[in-house]
Amino acid sequence: MATPHQSLPDLPPPATQRGLLGWLRENLFSTWYNSILTVVIGYWLVTTLVPLIDWAFFSAVFTGEGPQSCAPEGACWIFVYERLGFFLYGFYPEELRWRPDIAFLLFAITVVPQFFPTPAVIKKWLAIFGLTGLPVAGYILIAGGHFGLEPVATSRWGGLMLTLILAYVGIIAAMPIGTALALGRRSEMPIIRGICVVFIEFWRAVPLITILFMASVMLPLFLPEGVTFDKLLRALVGITLFQSAYMAEVVRGGLQAIPKGQYEAAEALGLGYWRRMRLIILPQALKIVIPGIANTVISLFKDTTLVLIIGLFDILGAVKSTLSDPAWGNVMAEGYLFVAFCFWVFCFGMSRYSHRLEKKLETGHKE
Amino acid sequence: MQENNATVASAASNEDIIAVQDLNKWYGEFHVLKSINLNVRKGERIVICGPSGSGKSTFIRCINHLEAHQRGNIVVDGVELNEDIKNIEAIRREVGMVFQHFNLFPHLSVLENCLLAPIWVRKTPRDQAIETAMQYLERVKIPEQAHKYPGQLSGGQQQRVAIARALCMQPKIMLFDEPTSALDPEMIKEVLDVMIELAGSGMTMLCVTHEMGFAKTVADRVIFMDGGEIVEQAAPETFFSNPQQPRTQEFLEQILQH
Amino acid sequence: MQSEELPVKPGRPKPWNDPRIRSVVFQLLAIAAVIWIGYTLFQNTVNNMASRGISTGFGFLDETAGFGIIMSLIEYNETMSYGRTFLVGLANTMLVSGLGILLATIVGFIVGVARLSSNWLVAKVSLAYIEIFRNIPLLLQIFFWYFAVLGALPGPRQAVNVGDIAFMSNRGIVLPKPIFEPGAGLMGLGLLIALIVTFILARWAKRRQAATGQIFPVLPVGLGLIIGLPVLAYFITGGPVSWDIPELGGFNFRGGITAIPELGALLLALTLYTASFIAEIVRSGIVAVSKGQTEAAAALGLPPRRILRLVVIPQALRVIIPPLTSQYLNLTKNSSLAVAIGYPDLVNVFMGTTLNQTGQAVEIVAMTMAVYLLLSLSISILMNIYNRAVALKER
Ligand SMILES: Nc1ncnc2c1ncn2[C@@H]1O[C@H](COP(=O)(O)OP(=O)(O)OP(=O)(O)O)[C@@H](O)[C@H]1O
Ligand SMILES: [Mg+2]
């Protein structure tokens, strides 16, 4: 072999592997049972999806006025459109709805940049505002009663607005409580640890609905006579207790994932417990747990629908209450689909976000 | 079995236990293996080397059909490798493989790792399988670890268990895919010792490795792969002292620098 | 917050800097706080109950309930006690949770495996199922099945007829009910014998394999026996089982077994919702078994089904079982959403109706929560035992 070796050229793969045909062969018809499965499922999909899409889009009625414009063979989206105000705000007075609108604009400005590439400083200040200023501003705007704003009773709050309020307050209240509980559960003091374990495990063991029942029937009994709580606040207390227990477990997972060396290094620097936690451990742990927090946020968001059982009008409650309106005939599918879509968009988006973050963290650790 | 395979270096004989002809493989559009031809005689010990990504792993994984090829044919121990499940299983029974990352079964003890295939594939009675397994564990010098779990062993010990596990099937051919490259230097020797001992016993071996010392001591032939093809093959003496191809020379320079 | 640490001098630190003393003081304060909170709540509650004229204690459990429950697994009528309503609710919770767990496991495993199918369509349909069902609130799904699907079924007179033996209407699903006549016992006996024989067969096969290496197909033979023997007994005894087929009479069906629509909707929603989570768990459990494991097993010559049974499943199960049990717990807790559509589970009957009638909030809430607490506690104890048993041995 004295002659220099000639490199062979790159050849294209055999035809059976190439192009659309190769793809179909490999992915849909690789074996006889795969072929059967493909045909059966394909048939089923076509026979269900085509009429469904037709109902939801092509035969559906999007414009027009009142129930009489709707056709029986298509979806009646006018119903959703005409009731949109109620679905979004509940019984909140129509002429005052600009107030929650401003609150949600502020909310959007605070939250949206967190999900996109934004300078870290801006993110940080927005986050601080989101945890402190926003709830205050939101409360002043939505509840009124100060600065000459007309008060609006919480019993009139409802719809998507209420859902978002429940979820948001539940999360930001649960964050510090959950972190404290997590630190307590990993404390070296047995009594503190015991108290935290019991607290966390108790709320995690019982269904949210029983907690909401408890909050609505027992909370008034627990308080000194004469002190009353409105229904919304009671629900919020229940949700916060529940959520902080779950949050605590997520944060604990993050604390456990921090290598022991970090704790030791921090101690070796001569930092006291609180400084160690605040400067070294928590910043790392909280970063790791963001995907976990996102997952509990998704669960909480879905769970807020339970408040309709104790008589609050969240978006599901608002939609459900209008479905029995005889004027519109049967619009149940439209109503539930609308709510389902609202939740789905949020939850799916959030889960993608947390998934992406997880991937990023994974690769980040390897480096 | 083998007709006019023009480029094959060693003459084909009836003793060929592996015959690879015009082997071509693609990953999607990517041509990984380009017209590979290779004949291996019974008892022959072959070392395959080459730069990263040259297709060494892909090639030896084609021999026991862990990867399917698209063109050409592979005959192992008289059985042609095609899509027929029975043929594939028959060949895998005769071909042992040792992986870079050991791939021991973590839920089974060392002994059970060695018993699994003899019992479920060869249908050996348990006592007899245990006896054979202990023999091989002794041969790789870790009989005392038999009841531990893989996670409790060092890397070198795990790799020796992996060799014993493959030997328990009493294969005719052993394939090694970089068996020492995931190991710490002090453990490499213990694994290489086992492999040298195995080579001495007349086992047919195909070994992807960059351990040139090992190649010099045991190999009958060294094969250099690059860009998905066999660029050069020769007996170790000539291969190391007098490589013919510029690419081989370049590769050897790089390797020997370290 | 503690700040500047003083330069450490040899000898005893100042008491307020001694970590041990600090820790003791801190813990004593915590105990005091807990006791104080507990005491205040207790006092407030006692005062409030006294001023509202609510009696305390569990005496109410023996009083007559006086309300009906639409579905009960144990004997119940309105003359029975409140204590009995607790049991009725508990049994209904158990029923829907048990069935839900069974069905969700089956659906979840199928979808989870399908998600990894080499068939692109199958994998994508499974993915779509998972992403749709787990991102929509369960309560909404329950409403959807109850009001929009089952509620939209016609009345009993126009019921959907499934082969003249089962009927679906807005009153529920009516299925034929088996009536066992004398001789049916033989079928049961056949089943029992088949089970025992299969068990003995399995042990024998294991011993024989150890001794001679031969493999006996226990699974197909056992299945054949378990199905075959009762069927054989059925024909030998001349068909001793007859079916009580539901019939339309007046405004509703007579005969058969009726599954109330509340049960159907709740079960459907719980199953589909939980199955989407289980599918993800199963998928990630299988994916967690690295490709190297299957390759190593294949390289040893093991056929695919043995690789699955001997290498993949045992390893995947370790990853799957802990989150799977927590899904089972979730399903059980979620079954309390029954209250939203009126399925008479524990929360609905006891925390709902019974609480409203008696006003014994503290006792009833405590009893209901205790049920769930006990359940969670026992499951997590079992899980800890399991985890310890299967934990991979590491250095
Ligand atoms: N499953 C796969 N899909 C697509 N490309 C692959 C796959 N496996 C390997 N390749 C590509 O095929 C080429 C050959 O890979 P192979 O693993 O055989 O290289 P190698 O010679 O063993 O390298 P190394 O020394 O790094 O192990 C590489 O370029 C690799 O990126
Ligand atoms: Mg390789």
Side-chain angles (χ1 to χ4, degrees), chain B residues 60-61 63-67 85-86 88-110 112-130 147-154 157-158 162 165-166 168-169 171 174-175 177, chain C residues 118 120 202-220 284-322 386-395:
Chain B
I60 71 164
R61 287 155 62 85
I63 293 175
N64 64 354
H65 206 269
L66 286 180
E67 302 284 352
I85 290 273
K86 285 286 155 257
I88 295 172
E89 277 164 18
I91 285 173
R92 285 176 180 168
R93 279 198 289 274
E94 306 305 332
V95 179
M97 184 157 191
V98 176
F99 300 84
Q100 182 177 2
H101 296 288
F102 331 135
N103 294 352
L104 291 176
F105 306 127
H107 62 300
L108 300 178
S109 70
V110 164
E112 284 164 335
N113 262 281
C114 296
L115 295 181
L116 192 75
I119 287 183
W120 289 98
V121 180
R122 286 245 189 267
K123 304 193 171 58
T124 319
R126 194 175 166 84
D127 288 343
Q128 200 182 319
I130 292 180
H147 295 285
K148 287 199 180 164
Y149 282 81
Q152 297 168 305
L153 303 182
S154 75
Q157 289 171 326
Q158 289 193 45
R165 175 177 75 178
C168 282
M169 283 293 282
M174 284 286 283
L175 306 176
D177 187 1
Chain C
S118 62
W120 182 86
R203 298 197 52 170
W204 167 81
K206 201 171 169 190
R207 269 207 306 275
R208 188 183 71 148
Q209 189 182 359
T212 68
Q214 281 162 292
I215 300 172
F216 185 83
V218 177
L219 190 72
S284 48
I286 297 175
V287 170
V289 182
S290 72
K291 216 167 149 233
Q293 291 289 309
T294 32
E295 280 178 353
L300 287 168
L302 286 161
R305 71 202 141 88
R306 295 234 187 277
I307 297 177
L308 207 62
R309 190 170 98 54
L310 298 169
V311 176
V312 178
I313 292 179
Q315 291 187 55
L317 279 187
R318 286 160 201 258
V319 184
I320 290 173
I321 291 202
Y386 171 85
N387 280 337
R388 214 163 302 145
V390 306
L392 287 182
K393 305 268 186 328
E394 304 278 354
R395 290 218 281 180

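Letters go in sequence order (proteins before strands), and every chain restarts at 1.
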Quiz prompt | Rounded distance (nearest 0.5 Å) linking atom CG of C:L310 with atom CZ of B:F105 | solution = 9.0 Å
Self-check item: Option in B:V95, B:L116, B:I88 with maximal non-hydrogen atom pairs under 4.5 Å from chain C
Solution: B:L116
Practice problem: Calculate, to the nearest 0.5 Å, the distance between atoms CZ and NE2 belonging to C:R318 and B:H107 respectively. | Solution: 7.0 Å
Quiz item: Between B:D127 and chain C, which part of the residue has a heavy atom less than 4.5 Å away: side chain, backbone, both or neither?
Solution: backbone
Practice problem: Using non-hydrogen atoms and a 4.5 Å limit, figure out which bit of B:I119 sits close to chain C: side chain, backbone, both or neither. | Solution: both
Exercise. Answer with side chain, backbone, both or neither: which region of C:A210 has an atom nearer than 4.5 Å to a non-hydrogen atom of chain B?
Key: both
Quiz item: CZ of B:R126: more than 12 outside heavy atoms within 6.0 angstrom?
Solution: no
Quiz item: So what's closer than 4.5 Å to chain B heavy atoms on C:R309: side chain, backbone, both or neither?
Solution: side chain
Quiz prompt | C:L300 side chain near B:M169 side chain, heavy-atom distance below 4.5 Å | solution = yes
Quiz item: Looking at CH2 of B:W120 and CG of C:L302, how far apart are the two atoms once the value is rounded to the nearest 0.5 Å?
Solution: 9.5 Å
Practice problem: Could you tell me which non-hydrogen atom of B:E89 sits nearest to which non-hydrogen atom of C:G301, and how far apart they are? | Solution: CG-O, 4.1 Å
Quiz item: What's the shortest heavy-atom distance between B:N64 and C:A299, and which atoms?
Solution: ND2-CB, 3.7 Å
Quiz item: For C:R203, does the CZ atom have more than 12 heavy-atom neighbours from other residues, nucleotides or ligands under 6.0 Å away?
Solution: no
Practice problem: Examine whether an atom of B:F99 lies under 4.5 Å from a heavy atom of chain C, and if so say whether it belongs to the side chain, the backbone or both; otherwise answer neither. | Solution: side chain
Exercise. Grab the two heavy atoms, one from C:A211 and one from B:P125, that are nearest each other, plus how far apart they are.
Key: O-CB, 2.9 Å
Quiz item: What part of B:R61 gets closer than 4.5 Å to chain C, counting heavy atoms only: side chain, backbone, both or neither?
Solution: side chain
Quiz item: Are C:V311 and B:L108 close enough, and set up right, to give a side chain to side chain contact (heavy atoms under 4.5 Å, CB included), and what steps lead you there?
Solution: CA-CA 9 Å; C:V311 176; B:L108 300 178; 5.8 Å; no
Quiz item: What's the spacing between C:E295 CD and B:E67 CD if we round to 0.5 Å?
Solution: 7.0 Å
Quiz item: Which bit of B:L104 is near chain C, if near means a heavy-atom gap under 4.5 Å: side chain, backbone, both or neither?
Solution: backbone
Quiz item: If you take all heavy atoms of C:G292 and B:N103, which pair is closest and at what distance?
Solution: O-ND2, 3.1 Å
